[in-house]
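Written below as structure tokens is the structure these notes are about.
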Amino acid sequence: MAPSSALDPKLEQWLAHFRGPLIGLLASWGSDWQSAEELAMDTFAEAWLGRERMRADVDDLDAVGAWLRGIAQNLWRSHQRKRSRVTSLEERHEHVVAAESGDEPDEQQEALRRAFPELHLEHQEVLRMHYLEQTTAREVAALLGETQKAVEMRLYQARRALRYFADKQLRTEGAER
Amino acid sequence: MSDQKMVDEQELLDLFAKRRADADRFAAGVAKRLAGPDEDEPAQPEPQPLPRAAAWVPFHLSGSKLWLWLSMPILLIAGSWLAMFGAAGSIRRSLRNGAGPVAEPETSAKPPRKRRRSPKGFAQLLVSGALVAVPLLGLPDLFDAVLVACVASMAALAILVKHAAREGKADRVQVATLCSGLLETLLIFALVCSIPQLGAFHPGRWIIACVFTAALGILMLIRYAPRNVINMVMTAFVLVFLTNSKLLRLRPPELATKAQVQEFVSTAELKSGDTRLSEYCETLLALRAAGIEATPPEDFGKRIAKPLFPGGPVGAAVLTECARAELLPDEQWRDMAKNPYHSGLLEELLTGTGPIEIPQYDEYLLRVAVAQPLTAVERANLTDRLLQSWPGPEHLTPLLRSRMVAWGLDLLGSKELADAETKRVHAHVARQQNRSGFRRGGFSERAGAELQFVLPADEIGMWLIARFGLPAECNGHALRLHLEKHTELSRFGKRPSANDDAFVAFAQLQQLDSLGPLPDRSIQQVFLEERLLWAMIAMVLLCLFAVWIAPHRPQGEAEQAAQAPQGAMP
């Protein structure tokens, strides 16, 4: 395994800013978490190698966000095309099920987990991007090509909606018991 | 709002903790990719696509969409048929399934893109079909059938999207993209319609307004991927600018005025053989029929009816125009019989038998004939031949023939014989009026050496209306709108003849108005006459409906929507 110190400091900066949001974004597009991580690595490598074509300053967060997003989209599409040819959906399902098995979660977390799919897809997306590594709303906004304010507002609404659905889950379960 | 009503940040961080990537492992993964493939690993055969290549392809086409675009010529033909069958099949399956299809499990072995009833595929076919079908609306015989097919296909798409949405297969951005393609087709059609020279449908601008409204509606419905709709609006603006900048101008269209038309008639500086003579004479005749004062310049006839070269003949078409507009004095027509060329034709006309079969441009011979001191036998023979020449249902040019006969009888002073055939002439006029398609309201007739072309025949229709009145079966409102549209002056034309058509249309409009008020139309008639507009509104609304009922997906990732309705769960 190559050490991280081998990377250019600028690229490390990119990773620090966008690793979490990008994995979250790729996961929102339908990848499982492991594939999302792999695709995010590919994206960073591809983006760094092609930075000459970026036509913007590598320190400009907004430009880098848009650049990463564009490349991620293309890689994701390519990945999907290849996967549809070689991988059956059963295998994918097994993979997801295997990845999701783990420690027994507490009741609150389990309620949140079960409430999560109830959220609007936009809300799911910002939550994945923001809370995977607790990055700032600005970085999420740069990747989505939106304003920071819009992302903050969506995060606020998402957290409220998640609480509502989680409480509803708990109430339903309580009533069933 | 207190934070107690929101999920705590820490709870969310805990929720995603298991999914968090290890920073060092991640950086090492990136470094490994930057270093290239290991020697012992098999080489990657497939290079990654250029990250930004798609941005340079017009209309955001790439991959399969680009192929779709390139193969459009074949799809244009096949698409319209397949769209029809697709619509029928979709509706049949939907009906068979009753309450709608049951969502299939995510673990289906069959990839989603292979499943039947894909709204994407059907919508692509629909757009392809529309590219063929919509221009066919300009053909009168296919108008209603194409209109019904267009609306039915659009309704089928909406139904298909509704059903597919339950299965999580339809994507709002995807449907919006394809609907915007369809709207673009409608827009191009509307723009073509609003070019006055093409005759045009009257609601052309209304269709443009509808399409723009729909584009804005779609833009509001797909908040996160407006790129396609913005594309459409931009394309529309470019098209509008290139094809018909009248939509963009701030002031209303400039129409021909009475003073301009009178000036055209009184100051026209035409020479012999001038191609504008036909428009000039049509304007003059229509103004006279409307009772508007119109005096040609002095010696206009003499100037026009000059031989093209000294000692040569005057063009037959020029003479016919001059004869109908009475631009030459009687003695000039009389002297024409001394010319051996004319005298030969005249003799054939006066002594021949059976219906008169002379080309349109030789009709001046009738004027030459009546200028001669005809014997009673010759006059009776000519009258008899003219009466035999009334067109029957088998004739391809009934208007042209009717005008020749009526004009000839009028010249011979037998107006009552022409009047006796008013009913027959009215039937021909009504039949030759365009009920739909391009140039709706105007008149058309076969033309060309072997009568293989259908050409506008407004001036003949209007001549007959001036002579015999407006037939009850004729749609006067459509005719009026048709003429009114043509009175728009050319905005860019700098040639002297640029506005000739507008002057003709203005004079004919005055002629029509001089016949008195048109009969009121019933609501049913109004509805039927504007059926193109209603159909377009229906299609636009169905477009919006299809987009609205398609479930929203973030980021405009159409493919991901088909593959995974939900993202990865925490």
Side-chain angles (χ1 to χ4, degrees), chain A residues 1-4 6-7 11-12 15 19-20 23 27-33 36-38 41-42 44-50 53 70-71 73-78 80 84 88-90 93 100 102 108-109 112-113 116-117 121-122 124-125 127-128 131-134 156 159-160 162-163 166, chain B residues 1 3-9 11-16 18-21 23-35 46 48-55 62-63 106-113 223-224 551-557 559-561 563-570:
Chain A
M1 187 179 291
S4 64
L7 296 178
L11 177 56
E12 283 193 351
L15 296 185
R19 181 180 52 238
I23 296 172
S28 298
W29 289 348
S31 298
D32 57 72
W33 289 102
E37 201 175 313
E38 294 284 328
M41 288 178 197
D42 289 341
F44 278 112
E46 189 74 35
W48 183 252
L49 289 173
R53 297 194 302 270
I71 293 172
Q73 276 182 354
N74 282 334
L75 291 177
W76 191 88
R77 284 194 192 111
S78 170
Q80 289 300 105
S84 70
S88 73
L89 287 176
E90 282 99 337
H93 182 70
E100 287 183 354
Q108 267 297 334
Q109 273 213 6
L112 287 179
R113 202 181 304 284
F116 197 84
L121 292 172
E122 297 162 13
Q124 292 185 20
E125 180 184 68
L127 289 178
R128 282 190 197 98
Y131 288 106
L132 186 63
E133 295 194 9
Q134 201 176 22
Y156 171 80
R159 286 170 62 195
R160 273 187 65 194
L162 188 58
R163 169 56 64 212
Chain B
M1 179 83 49
D3 276 2
Q4 287 178 345
K5 291 199 173 173
M6 294 199 299
V7 177
D8 188 61
E9 291 218 311
E11 278 184 284
L12 281 163
L13 286 168
D14 292 343
L15 187 67
F16 286 101
K18 277 203 300 185
R19 310 299 182 191
R20 205 158 291 146
D24 289 337
R25 191 167 53 83
F26 191 89
V30 176
K32 190 178 168 190
R33 281 161 174 78
L34 287 173
E46 195 180 333
Q48 293 298 344
L50 285 176
R52 290 242 157 175
S62 61
E106 281 185 20
T107 52
S108 164
K110 204 171 180 183
R113 64 167 64 184
R223 285 164 292 166
Y224 292 95
H552 187 80
R553 292 284 181 275
Q555 308 308 323
E557 294 303 319
E559 295 91 337
Q560 93 198 36
Q563 296 280 347
Q566 294 277 350
M569 291 300 118

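None of the values given here were measured: they were computed from a predicted structure. The sequence lines fix the lettering, A, B, ..., with proteins before strands; numbering per chain opens at 1.
Under a 3.5 Å cut-off, the side chain of Gln124(A) and the backbone N or O of Ser28(A) do not form any donor-acceptor pair. For the pair Arg20(B) (side chain) and Tyr131(A) (backbone), a donor-acceptor distance under 3.5 Å is present.
Checked against Glu11(B) for a side-chain contact (heavy atoms from CB on, under 4.5 Å), the options Leu13(B), Val7(B), Leu15(B), Asp14(B) give a single hit: Val7(B).
The pair Arg159(A)-Glu9(B) meets the salt-bridge criterion, with a side-chain N (NZ, NE, NH1 or NH2) lying under 4.0 Å from an Asp/Glu carboxylate O.
For Leu132(A), the parts lying near chain B are the backbone and the side chain together; criterion is any non-hydrogen pair under 4.5 Å. Using a 4.5 Å cut-off between heavy atoms, Leu162(A) touches chain B through backbone and side chain atoms alike. For Gln108(A), the part lying under 4.5 angstrom from a heavy atom of chain B is the side chain only.
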